[in-house]
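Note that this is a predicted model, so its numbers are computed, not measured.
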Amino acid sequence: MEYYNQTSTDFILLGLFPSSTSGLFLFIFIALIFLMALVGNLTMTLLILLDIHLHTPMYFLLSQLSLIDLSYISTIVPKMASAFLFGNKSISFIGCGIQSFFFLTLAGAETLLLTSMAYDRYVAICCPLHYPIRMNKRICVLMILGSWMMGSVNSCAHTIYALHIRYCRSRIINHFFCDVSAMLTLACMDTWVYEYTVFVSTTLFLVFPFIVIVCSYGRILLAICHMHAGEGRKKAYSTCSTHLTVVTFYYAPFAYTYLHPRSLRSPAEDKVLAVFYTILTPMLNPIIYSLRNKEVMGAFSRLTQRICSV
């Protein structure tokens, strides 16, 4: 079987939009979601940066989540949109590797950051007297750096493998971005060892963090049940339900995609699920965290008043 020169042959991304009127409507819908995600995450980041009332560990972690989501959707959607508008669906071998690296880095960092946010809520509700010690600025910085570093190391390993395997004549990736799992279907070699590695990596970055989150919120719910103050209980429920909603939207499609055997999945199914964690979740996160949060809405109101007064 012939192999193309890997360093000179582009990949072809089939994309998400069909070549029809429905594809145009889908493109417009995704473009609106992209703009909402950009505005929402940028607004959240600036609010937390500019408003001193939001300079707390919880909002410091939330600002990083918004930054990750902003980078996340910017890694995927612009290339997909340009391919639809200009008809150029090709992406260079190196470009595909770079997109895959950023996607995996951001995905890994977000899973660990969501776990850190669950720990923050656990300490705040279950150990309030120890909160200033166990969630100080130094620990927050270490959590964030650890999330980015571990995500980068994991991403490097997967990307390097994807760039060094042999590909067959076909370079058509049935996806809308360079997902390593979709790229492996084009390999001219047995990839069972790597698929086992993907399972282990998914367990470390999805299953274990999810178990930590579930255990944290199990303890939190027990603590809430023993609260006597109705207002405190209501605020704790609101905060926790917000975070659990974000976790569910992000973890569920990711876990199904990467823990489900590839032989039992279809490319169309993978693309639909990928829309959730690459496009919809970055748009929904700032909405979920802002609409049900009086502190964020208060900060937005104060910033608006300052702008109007100037």
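Distance NZ/K89 to NZ/K79: 11.0 Å, rounded to 0.5 Å. For the atom pair CD1 of I160 and CD1 of I165, the computed distance is 13.5 Å after rounding to the nearest 0.5 Å. Separation of atoms CD1 (I139) and OG (S116) is listed at 11.0 Å; rounding is to 0.5 Å. With rounding to the nearest 0.5 angstrom, the OG atom of S74 is 9.5 Å from the CG atom of L106. Expressed to the nearest 0.5 Å, how far CE of M149 lies from CG of N154 amounts to 13.5 Å. Atoms CD1 and OG1, on I68 and T45 in that order, are 10.5 Å from each other to the nearest 0.5 Å.
The shortest distance between side-chain heavy atoms of I91 and C178 falls below 4.5 Å. Here the side chains of C156 and F101 are in contact, with some heavy-atom distance below 4.5 Å. For the pair I173/C96, a side-chain contact is recorded, criterion being any heavy-atom separation below 4.5 Å from C-beta on. By the 4.5 Å heavy-atom criterion applied to side chains, L114 and V246 are counted as neighbours. Residues V212 and Y119 have side chains not in contact (no heavy-atom distance under 4.5 Å, counting atoms from C-beta outward). Put simply, the side chain of M44 does not reach to within 4.5 Å of the side chain of S63, judged on heavy atoms. Counting only heavy atoms from C-beta outward, the side chains of M117 and M58 never approach each other to under 4.5 Å.
Both M80 and M183 sit in one connected hydrophobic cluster of ILVMFWY residues. Membership requires side-chain heavy atoms under 4.5 Å apart, directly or through other members. In the hydrophobic cluster analysis, where Ile, Leu, Val, Met, Phe, Trp and Tyr join through side-chain heavy atoms closer than 4.5 angstrom, I287 is grouped together with I279. A continuous path of ILVMFWY side-chain contacts below 4.5 Å connects V214 to I220, so both sit in one hydrophobic cluster. There is no path of hydrophobic side-chain contacts, each under 4.5 Å, that joins V153 to V200. In terms of hydrophobic clustering, with Ile, Leu, Val, Met, Phe, Trp and Tyr side chains grouped at heavy-atom distances under 4.5 Å, L129 and M135 are assigned to different clusters.
Side-chain atoms of S71 come within 3.5 Å of backbone N or O of L67 as a donor-acceptor pair. A donor-acceptor pair is defined here as one N or O able to donate and one able to accept, closer than 3.5 Å; no such pair exists between the side chain of S155 and the backbone of G151. Between the side chain of N136 and the backbone N or O of I133 there is at least one donor-acceptor pair closer than 3.5 Å. Of the possible donor and acceptor atoms, none in the side chain of S301 sits under 3.5 Å from a partner among the backbone N and O of M297. In this structure a side-chain-to-backbone donor-acceptor pair under 3.5 Å is present from T281 to F276. At distances below 3.5 Å, not a single donor-acceptor pair connects side-chain atoms of T185 with backbone N or O atoms of S181. A donor-acceptor contact shorter than 3.5 Å is absent between the side chain of S22 and the backbone of P18. A donor-acceptor pair is defined here as one N or O able to donate and one able to accept, closer than 3.5 Å; such a pair exists between the side chain of H55 and the backbone of I48.
A side-chain donor from one of S201 and H158 sits under 3.5 Å from a side-chain acceptor of the other. Using a 3.5 Å distance cut-off with no hydrogens or angles, the side chains of D120 and Y131 do pair a donor with an acceptor. For the residue pair Y59 / E295, a side-chain donor-acceptor distance below 3.5 Å is found, with atom types taken as modelled.
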(message) Is there a side-chain contact (heavy atoms from CB on, under 4.5 Å) between R219 and Y122? Walk through the geometry before answering.
(response) CA-CA 7 Å; R219 294 289 300 274; Y122 162 74; 3.7 Å; yes

(request) With ring pair (Phe, Tyr, Trp, His ring centres under 6.0 Å) as the test, would you mind laying out the steps for Y167 and F11 before giving the verdict? (result) CA-CA 10 Å; Y167 290 101; F11 287 105; 5.3 Å; yes

(request) Step by step, work out the side-chain contact (heavy atoms from CB on, under 4.5 Å) result for L280 and V275. (result) CA-CA 6 Å; L280 291 180; V275 168; 4.1 Å; yes

(request) Please test T56 against F60 for side-chain contact (heavy atoms from CB on, under 4.5 Å), starting from the C-alpha separation and ending with a verdict. (result) CA-CA 6 Å; T56 62; F60 187 40; over 6 Å; no

(message) Test side-chain contact (heavy atoms from CB on, under 4.5 Å) on L13 and F176; report intermediate values, then the result.
(response) CA-CA 6 Å; L13 293 170; F176 57 87; over 6 Å; no

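Nearest heavy atoms, I144 versus L113: CG1-CD1, 4.2 Å. In plain terms, the two heavy atoms of T75 and Q99 that are nearest each other are O-NE2, 3.2 Å. Here the closest non-hydrogen pair linking P282 and N41 is O-ND2, 2.8 Å. Heavy atoms only, all atoms of each residue included: G97 and L163 are closest at CA-CD2, 3.9 Å. Between S92 and D10 the shortest heavy-atom distance is CA-OD1, 3.3 Å. Heavy-atom minimum distance, F205 versus M150: CZ-O, 3.5 Å.
Through direct or indirect side-chain contacts shorter than 4.5 Å among Ile, Leu, Val, Met, Phe, Trp and Tyr, L49 is connected to no other residue. When hydrophobic residues (I, L, V, M, F, W, Y) are linked wherever their side-chain heavy atoms come within less than 4.5 Å, the members clustered with L14 are I12, I172.
Screening D179, T278, N174 for a side-chain hydrogen bond (donor to acceptor under 3.5 Å, both in side chains) involving K271 leaves a single residue, N174.
Taking F177 as the reference, F103, H175 meet the ring pair (Phe, Tyr, Trp, His ring centres under 6.0 Å) condition, with sequence neighbours excluded. In this structure, the salt bridge (Lys or Arg N to Asp or Glu O under 4.0 Å) partners of R302, at least two apart in sequence or on a different chain, are D51.
Heavy atoms of other residues, nucleotides or ligands lying less than 6.0 angstrom from CG of L145 number more than 12.
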Tell me which donor-acceptor pairs under 3.5 Å the side chains of residues 23-39 have, and how far apart each pair is, sequence neighbours excluded?
none

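Sorted pairs that involve residues 104-143 and meet disulfide bond (SG atoms under 2.5 Å apart), not counting sequence neighbours, are lacking altogether.
Below 30°, between 30° and 60°, or above 60°: for Y251 and F210 the angle between ring planes is between 30° and 60°, a tilted geometry.
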